[in-house]
Amino acid sequence: MTETAFNSLEPSGRLCLDFINTVHWREAAQPVERLGCFADLVEWARQMELLSPSAAREALERARTLPDQDRGTLRHAMSFRETLYRIFIATIRGQAPEPADLEVLTRMAGQAAIASVLVPHGSHFVLRRPDADADLDSMLATIAVSAMELLTSPDLRRVRQCADDRGCGLLFFDSSKNQTRRWCSMGICGNRAKRRRNYHRHRR
């Protein structure tokens, strides 16, 4: 995965949703995994400003000497990402998330409260441990806090899954005034749906 590929993803509006969206086309026959290797995880974290450039370089250097350890870190991150997806998709569908998934999230978010500090992150704030630059687990804890904040906020009702019928599957935060947005991006999935409607209308 390249920096350009990550930059091509439209931000969802929430850190936890952006992390979930590192899998694209979830509802399609062949989902697209954007965290194909440990370096992809580090690059995503760097672009989201969860790792500093120097910490990202250190993580990649360590991966050359401890590849098994960092493959384990990647598996842990991907497992947590799928936990978050199951929680949010259940909520979107009006279902109760699995208690085991909520326990994982609660435990992960609790790690962020240990010796953490409040720091700016874009237009809002996050809790981050002082050693976060050197610890990818701290990154996951920060993502967990983002998820907890959204799940306990009235804004939770604004979380949607893209309605593209080809299986896009991306989650997004509907910031529209009327809360009627259906697609992750009007410029991509929205325009595609509009073209299909026009095509079928003209055929009729």
Side-chain angles (χ1 to χ4, degrees), residues 1-24 26 32-85 87-88 104-153 155 159 170-173 175 184-185:
M1 188 64 59
T2 64
E3 180 175 347
T4 301
F6 280 128
N7 285 341
S8 68
L9 294 175
E10 182 168 320
S12 68
R14 293 293 186 275
L15 176 63
C16 56
L17 302 184
D18 287 336
F19 186 53
I20 292 170
N21 287 347
T22 53
V23 174
H24 198 179
R26 280 182 178 274
V32 176
E33 174 59 71
R34 298 182 183 273
L35 300 181
C37 63
F38 180 74
D40 290 339
L41 176 63
V42 171
E43 176 59 21
W44 182 84
R46 186 193 67 77
Q47 291 190 34
M48 300 302 293
E49 298 182 356
L50 296 173
L51 286 179
S52 68
S54 61
R57 288 192 296 271
E58 290 174 10
L60 293 176
E61 184 60 34
R62 187 183 67 245
R64 297 188 182 95
T65 58
L66 299 170
D68 290 340
Q69 176 180 317
D70 289 310
R71 279 195 291 268
T73 299
L74 175 63
R75 287 193 296 271
H76 177 51
M78 294 170 71
S79 175
F80 180 56
R81 180 190 63 190
E82 297 312 297
T83 296
L84 292 179
Y85 174 73
I87 291 172
F88 277 100
V104 170
L105 173 57
T106 301
R107 185 170 62 251
M108 188 73 75
Q111 295 177 11
I114 301 173
S116 57
V117 293
L118 191 66
V119 296
H121 182 80
S123 60
H124 57 287
F125 293 83
V126 297
L127 287 172
R128 186 170 299 168
R129 289 189 293 186
D131 63 348
D133 271 354
D135 187 357
L136 281 168
D137 282 340
S138 296
M139 175 197 79
L140 297 182
T142 301
I143 294 170
V145 170
S146 168
M148 291 282 276
E149 290 172 345
L150 183 52
L151 288 166
T152 57
S153 166
D155 286 339
V159 178
L170 291 181
L171 304 188
F172 63 92
F173 183 80
S175 58
C184 63
S185 168

If you measure from CZ on Arg57 to CG on Leu51, what distance do you get to the nearest 0.5 Å?
11.5 Å
Taking it one step at a time, do Glu43 and Gln47 satisfy side-chain contact (heavy atoms from CB on, under 4.5 Å)?
CA-CA 6 Å; Glu43 176 59 21; Gln47 291 190 34; 2.7 Å; yes
Taking Thr152 for the side chain and Met148 for the main chain, is one N or O donor matched with an acceptor at less than 3.5 Å?
yes
Think Arg26 forms a cation-pi with Tyr85, using NZ or CZ under 6.0 Å from the six-ring centre and within 45 degrees of its axis?
yes
Given side-chain contact (heavy atoms from CB on, under 4.5 Å), test Phe172 with Asn21 step by step and report yes or no.
CA-CA 9 Å; Phe172 63 92; Asn21 287 347; 5.7 Å; no
Between Met78 and Arg81, is any pair of side-chain heavy atoms under 4.5 Å apart?
yes
Looking at side-chain heavy atoms only, is the closest gap between Leu17 and Leu150 below 4.5 Å?
yes
What's the shortest heavy-atom distance between Val159 and Phe88, and which atoms?
CG1-CD2, 4.3 Å
Which pair of non-hydrogen atoms, one from Ala59 and one from Phe38, has the smallest distance, and what is that distance?
O-CE2, 3.5 Å
Take His76 and Leu140 through the side-chain contact (heavy atoms from CB on, under 4.5 Å) test and state the conclusion after the steps.
CA-CA 9 Å; His76 177 51; Leu140 297 182; 3.5 Å; yes
Locate the shortest heavy-atom distance separating Leu74 from Leu41; write the atom from each residue and the value.
CD1-CB, 4.1 Å
Side chains of Leu105 and Ile87: closer than 4.5 Å at any heavy-atom pair?
yes
Less than 4.5 Å apart, any side-chain heavy atom of Thr83 and any of Met108?
no
For a 4.5 angstrom cut-off between non-hydrogen side-chain atoms, does Trp44 reach Leu50?
yes
Value for CG (Leu151) from SG (Cys16), rounded to nearest 0.5 Å, stands at 7.0 Å
Are Ser146 and Phe19 packed together at the side-chain level, in the sense that at least one heavy-atom pair is separated by less than 4.5 angstrom?
no
Non-hydrogen side-chain atoms of Ile143 and Asp18 separated by less than 4.5 Å:
no
How long is the gap from CG on Asp155 to CD on Glu149, to the nearest 0.5 Å?
11.5 Å
Answer yes or no: is there a side-chain heavy-atom contact under 4.5 Å between Pro67 and Arg71?
yes
Does Asp40 form a side-chain contact (heavy atoms from CB on, under 4.5 Å) with Glu33? I'd like the steps, not just the answer.
CA-CA 10 Å; Asp40 290 339; Glu33 174 59 71; over 6 Å; no
Do Arg62 and Asp70 meet the salt-bridge criterion of a basic N to acidic O distance under 4.0 Å?
yes
